[in-house]
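Below: one structure, written as structure tokens.
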Amino acid sequence: MASETQVDEAPARGIPDHIEVTRALEAIFMVVDEPQSVVGLASAVGRPVKEVRAAIADLVADFDGLNGGPQRGFELREVGGGWRIYVRSDLDDVVRDFVHTQNPSKLSQAALETLAVIAYKQPISRGAIASIRAVNVDSVVRTLLGRGLITEAFTDSETGAIHYETTDLLMVQLGINSLDELPKISPLLDDGSEGFDDVR
Amino acid sequence: MASETQVDEAPARGIPDHIEVTRALEAIFMVVDEPQSVVGLASAVGRPVKEVRAAIADLVADFDGLNGGPQRGFELREVGGGWRIYVRSDLDDVVRDFVHTQNPSKLSQAALETLAVIAYKQPISRGAIASIRAVNVDSVVRTLLGRGLITEAFTDSETGAIHYETTDLLMVQLGINSLDELPKISPLLDDGSEGFDDVR
Amino acid sequence: MARSPESTVEPVDAPAGFRVTLDDFDGPFDLLLSLITKRELDITEVSLSVVTDEFLAYLRALDTGDGYDSDGLDQASEFLVVAVTLLDLKIASLLPQGELVDAEDVALLEARDLLFARLLQYRAFKEVSGWFAAGIEAEAHRHVRSVRLEDQYRETTPELKWTLSLDDFAALALLALTPREIPTVGLDHLHAPLVSIREQAAHVVALLRQGEPLTFRQLIAGAEVKGVIVARFLALLELYRNSAVGFEQLEPLGELTVRWTAENWNDENLVNLGADYGQ
């Protein structure tokens, strides 16, 4: 997600030896507004990925109250490909009045189903989505694009068909960290349906 | 677009008995932008001011590592009559380096294109930008806001959608005195893209 | 959260939606689908026209005068999706069967299975969309730390290096604002297959009319896409129905030989061929 910014700067030199990685990570988590990947964090603090991974696990346990301290009102979650601080879910109602996020309107059933098709079949062209859904999906695809839940992956050089894939934002909104966490439905999709996909 | 989830819900009046005030307060501190007054916090959690003041003192000591835990990478400070979480000053350099690498001196192609869309279509909502650009523009918009190249123009009272416009800084960068000096691009576009607006 | 295949054939809708009354079935549309997918109800026994009539009546009842609400539209689109698949399924089961030997029945069954699989696939996506809805709903109540950067850090971000001229900027805007696709009213959603049975029939006719009998294997030589093979097979069935070709097979699952048997063939016959498949 951080790809909006170009990385032609020299990497950060890393943190001084006397500072614990956990403390540096805590500080960084206070200023970020996007999920932070372990690799990105490792490069920011100038320590090996393995060490950073261990430090994150330590912080997660710490905030969860497993290191002898209290269970914090916040937690560290891995969502949408990286780590971020969230309010612990028991306290969602308590903080609700302090956040002014607008929850976007609910997706229609058609949009949800189309989203599911794209999530499981990505990258997939609009025509292929339409042949699975057997209805016109143009406006639904546009809605999903506008919501940032899907994006254009590539354009087929032969057919000119744009192929779509899901975004990190979808994973964030689903509260998952990877597409592997989608429910398995493949047993149903494997048999026979291939022939129809090949057509498009 | 309207926030169904928050509007018609009763405001949180106090926290359940089993939740400790300190935990509720640290949750609130994780999501707020502005320093919070003790009185405001007391009313939010529905506990006496005295109790909240004591809980804040407890949290300050806790984050400072005086309650047996580590000294955190962040701290709770009273600034301008209210409390807010800040990066602990020992870690300023670490965070500064991090922020530096996250904000390179050149805008990405994606950011430039989004900026161009906003310049020609302002005021424009994030959803409308997204449907023109066909990608999620949240982080790009944040980058442009952070750079001071765009600003929030107004919030649509019906949909709650924030509309953005460009700033004087952009005109300075482009060397123009007024938006009228932007070169005209195909007038057809004025009509053509309108249809996308109804996505949000 | 993994689901077993069995779970996907349970009805998912509240009973409040569209109901169907047929000779041997009375209940929610979704239950009808469940029974068909469980093969407890024979698709050939279901009158699709009756189902369709009932659905249209149901939609009219939903129309309050201000158009349909989104639930109604969702149901309408779902109905269309399923009806198209059911139609295909039914056509496949109604294709000529009487004189076919066992192997063709097997092959026919495969064509049906393909459609059946598509119905299953549709239902799988419909089911799993509930998981998406639940996930998005749950996550919408979570609160992530996202606060304004402290001024001290904001002030020290590197100064912006602006290299774009005014004209470059305008060009960029033009590029970004130009729609990449010309919006069209697509007919794709009417399930127009890219592989046309008619075209495949024309191909088969051209090969067979030369006189020599050909095996099915020869007829599909060079066709790599499964859809083309299926369409070519369906085309043969259609030609058989038109008495244009004959089949010969010496043993079950053995080589299938196709012979040209038409006496008065006219290429205009091709025009109506495969019309049942919605072309």
Side-chain angles (χ1 to χ4, degrees), chain A residues 1-9 11-13 15-16 19-20 22-34 44-45 62 67-74 85-88 90-91 93-99 101-106 142-143 145-149 151-152 167 169, chain B residues 1-6 9 11-12 15 19-20 22-28 30-32 44-45 68-74 85-88 90-91 94-95 97-106 108 110-111 127-128 130-131 134-140 142-143 160-161 196 199-200:
Chain A
M1 280 193 80
S3 56
E4 310 309 342
T5 48
Q6 286 168 356
V7 267
D8 45 15
E9 306 276 303
R13 293 135 291 173
I15 56 174
I19 291 179
E20 277 181 64
T22 40
R23 304 290 80 82
L25 292 176
E26 270 176 347
I28 289 172
F29 283 128
M30 287 304 121
V31 299
V32 297
D33 51 15
E34 282 181 2
V45 297
D62 186 358
N67 287 3
Q71 189 190 62
R72 297 288 168 186
F74 47 87
I85 298 265
Y86 278 76
V87 169
R88 196 169 291 281
D90 326 0
L91 293 158
D93 289 344
V94 174
V95 305
R96 197 177 51 217
D97 289 351
F98 288 89
V99 274
T101 47
Q102 311 150 343
N103 284 322
S105 57
K106 280 214 175 97
R142 209 154 50 199
T143 301
L145 282 169
R147 288 285 191 92
L149 299 175
T151 185
E152 295 176 4
T167 60
L169 183 66
Chain B
M1 190 70 214
S3 43
E4 299 148 344
T5 44
Q6 26 177 218
E9 251 151 280
I15 54 174
I19 292 179
E20 279 181 61
T22 39
R23 302 290 79 83
L25 291 176
E26 66 190 357
I28 291 170
M30 280 300 152
V31 296
V32 295
V45 298
Q71 189 187 62
R72 299 288 167 187
F74 48 87
I85 286 182
Y86 293 90
V87 170
R88 188 171 296 281
D90 313 3
L91 291 154
V94 173
V95 172
D97 278 353
F98 177 80
V99 171
H100 218 92
T101 51
Q102 299 285 302
N103 293 275
S105 54
K106 276 168 71 179
S108 68
S131 68
V135 289
N136 177 27
V137 295
D138 287 4
S139 77
V140 173
R142 220 160 27 218
T143 301
F196 290 106
V199 170
R200 286 234 161 172

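Below, chain A is the first sequence line, B the second, and so on; all start at residue 1. Source: prediction; values computed, not measured.
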Among Thr22(B), Val32(B), Val94(B), which residue has the highest count of heavy-atom pairs closer than 4.5 Å to chain A?
Val94(B)
Among Phe74(A), Tyr86(A), Phe98(A), side-chain contact (heavy atoms from CB on, under 4.5 Å) partner for Met30(B)
Phe74(A)
Contact origin within Gln71(A) toward chain B - heavy atom pairs under 4.5 Å:
backbone
Side chain to side chain donor-acceptor pair (under 3.5 Å) with Arg72(A): which residues, sequence neighbours excluded?
Glu26(B), Asp62(B)
Does some side-chain heavy atom of Arg142(B) sit less than 4.5 Å from a side-chain heavy atom of Glu34(A)?
yes
Side chain from CB out, backbone as N, CA, C, O: work out which of these in Ile28(B) comes under 4.5 Å of a heavy atom of chain A, or both, or neither.
both
Distance from Leu91(A) atom CG to Ile19(B) atom CD1, nearest 0.5 Å?
4.5 Å
Search all heavy atoms of Gly73(B) against all heavy atoms of Ala27(A) and return the closest pair with its distance.
O-CB, 3.6 Å
